[in-house]
Amino acid sequence: MEQNPYAAPQVELLDTRAPERFLAGGWSAGGLRLLAWLSLALLLCDVTTIGVGVLGKLSPQLGLGSLENWLGVLDLILGCFVAWRCTRLLEDRFLARGVRWPMLILILMSVVMQACSLWFEVDFAGPNRYEDVALYLMLMYLPVGIVQVWYAIRVLKIQLPYTSVKVMGWIDLVAGVALGSVILFVAGVLLGMFSAIPMALMFFRAARELDAAAG
């Protein structure tokens, strides 16, 4: 049978199959779906923590400081766990390089920031309140923003990712720039929160991929 030299190729030009380290590794569809729901739970925890904090500032008589601290600790633990598992999935599924170190640094910074918020108080009502606020925000958010931009760039360099991974990378990049600017740190915090949505979609997509591979 003669072949048409001008016909479209009948084979895939790019190999988009999942790597063996993902398919035969320690991942399971059920575990990935659990991580997806935990990502959404993290977003809910973020929103609740901010809401309790704002309510506590507006109505000090409610005595919500202790609840805010405990929610912050829960948010930290859940956030660090989900972010680390996300990074490991990027390495195993997409063979991502250079994402582990910035994530480890971000986790360490998050722990330090949470500890400082529990053990130290900044007097925002004192005579030097403007200088205190500026110094506090620079020390807290400037280094986090720089490292988050580093992490986001590594994510955006991943070859043939899911769409949700690309969206997550761009959200992290913009959030990191906003945090690093200090002036836009509120926008950076809010954007960082909502990156949990594409992260959850990434976990759900990976779970479906494992289901399809299993047969």
Side-chain angles (χ1 to χ4, degrees), residues 14 16 18-19 21-22 25 27 32 35-47 49-50 72 75-114 116-117 136-207 209:
L14 294 173
T16 59
R21 62 187 289 184
F22 169 66
W27 299 98
L32 287 166
L35 286 169
W37 288 113
L38 287 177
S39 300
L40 298 177
L42 175 62
L43 175 59
L44 178 61
C45 188
D46 286 336
V47 173
T49 302
I50 291 177
D75 197 28
L76 172 69
I77 295 172
L78 183 57
C80 290
F81 173 73
V82 172
W84 179 246
R85 295 302 291 165
C86 170
T87 302
R88 293 306 309 273
L89 180 61
L90 293 177
E91 290 180 327
D92 289 350
R93 172 58 185 84
F94 304 106
L95 306 180
R97 295 182 178 181
V99 292
R100 185 175 300 195
W101 273 110
M103 179 51 65
L104 285 173
I105 295 173
L106 283 173
I107 290 174
L108 178 61
M109 286 181 171
S110 299
V111 172
V112 171
M113 289 173 63
Q114 183 64 34
C116 289
S117 68
Y136 174 80
L137 293 178
M138 287 187 66
L139 291 176
M140 294 284 277
Y141 292 110
L142 178 59
V144 172
I146 293 172
V147 179
Q148 186 160 332
V149 168
W150 175 20
Y151 180 78
I153 291 173
R154 301 308 306 175
V155 171
L156 290 173
K157 287 187 175 182
I158 293 174
Q159 300 295 316
L160 301 175
Y162 306 149
T163 302
S164 54
V165 174
K166 280 291 186 185
V167 173
M168 183 177 67
W170 280 110
I171 291 177
D172 285 343
L173 180 63
V174 176
V177 171
L179 288 173
S181 71
V182 178
I183 299 175
L184 301 174
F185 81 95
V186 174
V189 171
L190 293 176
L191 276 172
M193 286 169 42
F194 287 99
S195 68
I197 296 176
M199 182 163 58
L201 294 176
M202 177 193 69
F203 284 129
F204 279 130
R205 171 75 180 275
E209 201 167 29

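Residues: numbered from 1 along the sequence shown.
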- Item | Point-to-point distance, once rounded to the nearest 0.5 Å, from CG of L156 to CE of M168 | 9.0 Å
- Item | Spatial distance of atom CD1 (I158) from atom CZ (R97) [nearest 0.5 Å] | 12.0 Å
- Message: I want to check something: taking the side chain as every heavy atom from C-beta on, are C86 and F203 in contact at a cut-off of under 4.5 Å?
- Response: yes
- Note on the structure: One should read off an interatomic distance between T87 OG1 and M103 CE, to the nearest 0.5 angstrom, of 3.5 Å
- Any side-chain heavy atom of Y151 within less than 4.5 Å of one from V99? yes
- Task: Find out whether Y141 and M109 are in side-chain contact, i.e. whether some heavy atom of one side chain is under 4.5 Å from a heavy atom of the other.
- Result: no
- Task: State whether the number of non-hydrogen atoms from other residues, nucleotides or ligands found under 6.0 Å of R21 atom CZ is greater than 12.
- Result: yes
- Shortest non-hydrogen contact from V82 toward S39: CG1-OG, 3.3 Å
- Task: With rounding to the nearest 0.5 Å, note down the distance linking CD1 in I105 to CD1 in I146.
- Result: 11.0 Å
- Message: With rounding to the nearest 0.5 angstrom, report the OG to CD1 distance, S164 to I197.
- Response: 12.0 Å
- Task: Return the minimal non-hydrogen interatomic distance between V149 and G176, and the atom names on each side.
- Result: CG2-C, 3.6 Å
- Walk me through it: do L201 and Y162 pass the test side chain to side chain contact (heavy atoms under 4.5 Å, CB included)? CA-CA 9 Å; L201 294 176; Y162 306 149; over 6 Å; no
- Task: List the atom of I171, the atom of L191, and the distance in Å for their closest heavy-atom pair.
- Result: CG2-O, 3.3 Å
- From L40 CG over to L35 CG, what is the distance, rounded to the nearest 0.5 angstrom? 11.0 Å
- Message: The test is side chain to side chain contact (heavy atoms under 4.5 Å, CB included); show your working for M202 and R93 and say whether it passes.
- Response: CA-CA 11 Å; M202 177 193 69; R93 172 58 185 84; over 6 Å; no
- Looking only at heavy atoms, what is the nearest atom pair of S181 and L184, with distance? OG-N, 3.3 Å
- Task: Please work out which of the three classes, parallel, tilted or perpendicular, describes the rings of W27 and F22, given edges at 30° and 60°.
- Result: tilted
- Message: Go through it in stages, so that I can follow the logic: the residues are T163 and R205, the test is side chain to side chain contact (heavy atoms under 4.5 Å, CB included), and I'd like the CA-CA distance, side-chain angles, deciding distance and then a yes or no.
- Response: CA-CA 10 Å; T163 302; R205 171 75 180 275; 5.7 Å; no
- Query: Taking all atoms of both residues into account, what is the closest heavy-atom pair of F81 and L38, and its distance?
  - Reply: CE2-CD1, 4.0 Å
- Correct closest heavy-atom pair for L179 and F185 would be CD2-O, 3.6 Å
- Query: CH2 of W170: more than 12 outside heavy atoms within 6.0 angstrom?
  - Reply: no
- Residues L89, L32; criterion side chain to side chain contact (heavy atoms under 4.5 Å, CB included); working and verdict: CA-CA 9 Å; L89 180 61; L32 287 166; 4.1 Å; yes
- Item | Atom CD1 of I183: over 12 foreign heavy atoms under 6.0 Å | no
